[in-house]
Amino acid sequence: MTLVNFIVVVTFAGLMVVIYLIIQQREERHLRDIPSFYRLKGTVELAVEDGTRIHVAIGRGDVLSPRGAAALVGLSMLREISMVASESDYPPLATAGDGLLGILAQDTMRSTARALNLTRTNADMGRVTGLTPFSYSAGVMPLIFDENVSSNLLIGSFSNEVALITSAGERSQTRTLAGTDNLPGQAILYATAHEPLVGEEMYAGGAYLGAGPMHEASLHTQDVIRWITIGLIIVFSITGLLKGLL
Amino acid sequence: MNRFKFNLRSPVATVVTIAAGGIMLLTYLMDLQNLQTVILDVVMIGAATALVIGVVNLFSVHVNKIRTGDSGAVGSAALVVALVVTFLVTMAEEITTFYPDSLPGADWILNTIQVPVESALMGVMAITLVYAAARLVTLRPNIFSVLFVLTLLLTMIISTQMGLDSGMGQGLRNFLVHGLASGGARGILIGVALGTIATGLRVLMGFDRPYDG
């Protein structure tokens, strides 16, 4: 079992590096259309011009568990949005439902401000709003109304309680783009968010917002591994079927 | 605009992340259970400290709101009072010997205040979901929204088990729940798993730095 794990990880990493090197030599990008991300770019630029704020919710994903990957994607997107919006009068607001994520969100915003040579940074812009699912959502809801928010980006690990956040977005007439790694959460976001991200679409956020060629390379690697997985599933299914018949 | 401006913390943090992540990955691949436990114990202490920092952050944000007379100052005041009272009661109950058993303690606060409040939020969430499902077709008028609502209705009817506990009903239920829903869920989960591996590897290789780097 450990050998299989090792082969998967090494193959994945190797493919990412190879595709990264190929992308470095190419000028054009080959990404399939995910309209939500293009609209998000427009929304961020509009927010800077309008003098409104983007709210980035990175959820409650425990960084020590696999759910932390979703939160890391949220942090990558927070970094990209901060690079565009930090210089405005209303810099982005990040909320988290976990102490560690709150620290990482503040750290991300601080490092972005330093990269942009901004002297003023406000630690209050990275907030922990609650430590249980419902207290987190209850803490986020008033922020959407009170902090001059024009768009909500929910990228991280959210479960059923995310419905409360999206409903607050709906009532305040702000746009919501949202993705989660949680299956019930995805179903709820499909019904309640303006721009839902289904399945692995959320993990593509960095590539679409220009977080670097490695994000793009990992996206292509996921596609390659997915096709291999599909092939293996079909082969094993047919083999199993034939064994049953013979 | 220099996105990767040099500062001393950046390379140190990157080296620590890659080294810790690499060792942790090896413990999974090479069956080094003891080393894994030691690392996880250390990390858990860090995570517990971060939890306390999170509470301090929550407290300071709301104290600032009260001080500046923010529009939500009343709510912030309620939160600060509740936080302080819960903290004092819990500390008095757990650490000191003089806290009388007859007085309400941390369990009482949890069962009498927090659980009912969260249950009420759950009720609000249920109503929100019904409303969202009802207006989904008008929000995004396309075939997938219609399919979503139809599946929702069908699943609800099936879950009531009205006349579906035998024959064709049973077959339909199995096909929907164990066939379509289960297959779709697995497909989505494979995508999520691939995304999770890719994100983890980006951090391990130092391309993603969700810290001051």
Side-chain angles (χ1 to χ4, degrees), chain A residues 2 5-6 9 12-13 16 64 66 69 72-73 75-76 83 98-100 102-104 107-108 110-111 114-116 124 127-132 134-135 137-138 142 146 160-161 163-164 167 181 183 186 188 190-192 194 198-200 202-203 206 212 214-215 218-219 221-222 225-226 229, chain B residues 1-5 7 25 28-31 40 43-44 46-47 50-55 57-58 60-61 64 70-72 75 117-118 121-122 124-125 128-129 131-133 136 139 148 185 187-192 194-205 207-208 210-213:
Chain A
T2 51
N5 292 348
F6 182 74
V9 170
F12 212 113
M16 277 171 71
L64 306 179
L72 292 177
V73 175
L75 288 168
S76 290
M83 290 304 283
D98 177 82
L100 208 53
I103 294 170
L104 288 174
D107 221 22
T108 300
R110 221 177 358 248
S111 70
R114 198 164 33 239
L116 293 168
D124 279 1
R127 296 183 193 173
V128 176
T129 57
L131 296 167
T132 62
F134 281 104
S135 68
S137 293
D146 298 341
N160 303 350
E161 75 284 354
L164 295 172
S167 78
D181 58 347
L183 273 180
Q186 283 189 26
I188 287 170
Y190 189 80
T192 57
H194 297 105
V198 179
E200 76 278 15
M202 175 182 70
Y203 296 94
M214 189 42 109
H215 280 261
S218 61
L219 210 56
T221 309
Q222 284 174 58
I225 301 283
R226 185 181 299 108
T229 311
Chain B
M1 181 165 62
N2 180 10
R3 294 178 48 152
F4 300 104
K5 202 175 161 187
N7 73 75
L25 181 64
Y28 278 107
L29 297 174
M30 297 173 69
D31 207 17
L40 280 178
V43 171
M44 287 306 284
L51 185 79
V52 176
I53 294 171
V55 174
N57 174 270
L58 189 68
S60 71
V61 165
N64 278 344
D70 195 276
S71 58
V117 167
E118 296 217 354
L121 282 170
M122 208 177 279
V124 172
M125 187 193 75
T128 303
L129 287 176
Y131 174 67
L136 174 64
L139 181 75
F148 185 93
I188 289 175
L189 285 177
I190 287 173
V192 169
L194 291 176
T196 303
I197 295 172
T199 308
L201 286 173
R202 277 203 308 269
V203 174
L204 274 182
M205 289 193 263
F207 285 96
D208 248 8
Y211 38 82
D212 198 357

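Labels below follow one simple rule: chain letters A, B, ... track the order of the sequence lines, proteins then strands, and each chain is numbered from 1.
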>> Checking Leu201(B) against Phe12(A) for the side chain to side chain contact (heavy atoms under 4.5 Å, CB included) test, could you report, in this order, the C-alpha distance in whole Å, the side-chain angles of both residues, the deciding distance, and whether it holds?
In response: CA-CA 8 Å; Leu201(B) 286 173; Phe12(A) 212 113; 3.6 Å; yes
> Which pair of non-hydrogen atoms, one from Met214(A) and one from Met205(B), has the smallest distance, and what is that distance?
Replying inline: CE-CE, 4.2 Å
> What heavy-atom pair brings Gly191(B) and Glu200(A) nearest, and what distance separates the two atoms?
Replying inline: O-CB, 3.3 Å
> If you take all heavy atoms of Met16(A) and Ala198(B), which pair is closest and at what distance?
Replying inline: CE-O, 3.9 Å
> Which heavy-atom pair separates Leu139(B) from Ala191(A) by the least distance, and what is that distance?
Replying inline: CD2-O, 4.3 Å
> Tell me, side chain or backbone of Met122(B) under 4.5 Å from chain A's heavy atoms, or both, or neither?
Replying inline: both
> Where does Leu204(B) contact chain A at under 4.5 Å (heavy atoms): side chain, backbone, both or neither?
Replying inline: neither
> For chain B, which of Thr221(A), Leu183(A), Asp98(A), Asp181(A) has the most heavy-atom pairs under 4.5 Å?
Replying inline: Leu183(A)
> Of all heavy-atom pairs between Leu58(B) and Gly130(A), which one has the smallest distance, and what is that distance?
Replying inline: CD1-N, 4.2 Å
> Side chain, backbone, both or neither: which part of Tyr131(B) has a non-hydrogen atom closer than 4.5 Å to chain A?
Replying inline: neither
> chain B: which of Leu75(A), Thr192(A), Leu164(A) shares the most heavy-atom pairs with it under 4.5 Å?
Replying inline: Leu164(A)
>> Please enumerate all residues that pass side-chain hydrogen bond (donor to acceptor under 3.5 Å, both in side chains) together with Ser137(A), with sequence neighbours excluded.
In response: none
> His215(A) and Asp208(B): which non-hydrogen atoms are nearest, and at how many Å?
Replying inline: NE2-OD1, 2.8 Å
> What option among Ile225(A), Ile188(A), Val198(A), Thr229(A) has the most heavy-atom pairs under 4.5 Å with chain B?
Replying inline: Ile188(A)
> Quick one: side-chain hydrogen bond (donor to acceptor under 3.5 Å, both in side chains) partners of Thr132(A), sequence neighbours excluded?
Replying inline: Ser135(A), Glu118(B)
> Do you know which of Leu51(B), Ile188(B), Leu136(B), Asn57(B) has the most heavy-atom pairs with chain A at a distance under 4.5 angstrom?
Replying inline: Asn57(B)
> Are Leu72(A) and Arg202(B) close enough that some pair of their side-chain heavy atoms sits under 4.5 Å apart?
Replying inline: no
> Relative to chain A, which segment of Thr196(B) carries a heavy atom at a distance below 4.5 Å: side chain, backbone, both, or neither?
Replying inline: both
> With only heavy atoms counted, which part of Leu25(B) is less than 4.5 Å from chain A, the side chain, the backbone, both or neither?
Replying inline: side chain
> Using non-hydrogen atoms only, which part of Leu121(B) is less than 4.5 Å away from chain A: side chain, backbone, both, or neither?
Replying inline: both
>> At a 4.5 Å cut-off on heavy atoms, which part of Leu129(B) comes close to chain A: side chain, backbone, both, or neither?
In response: side chain
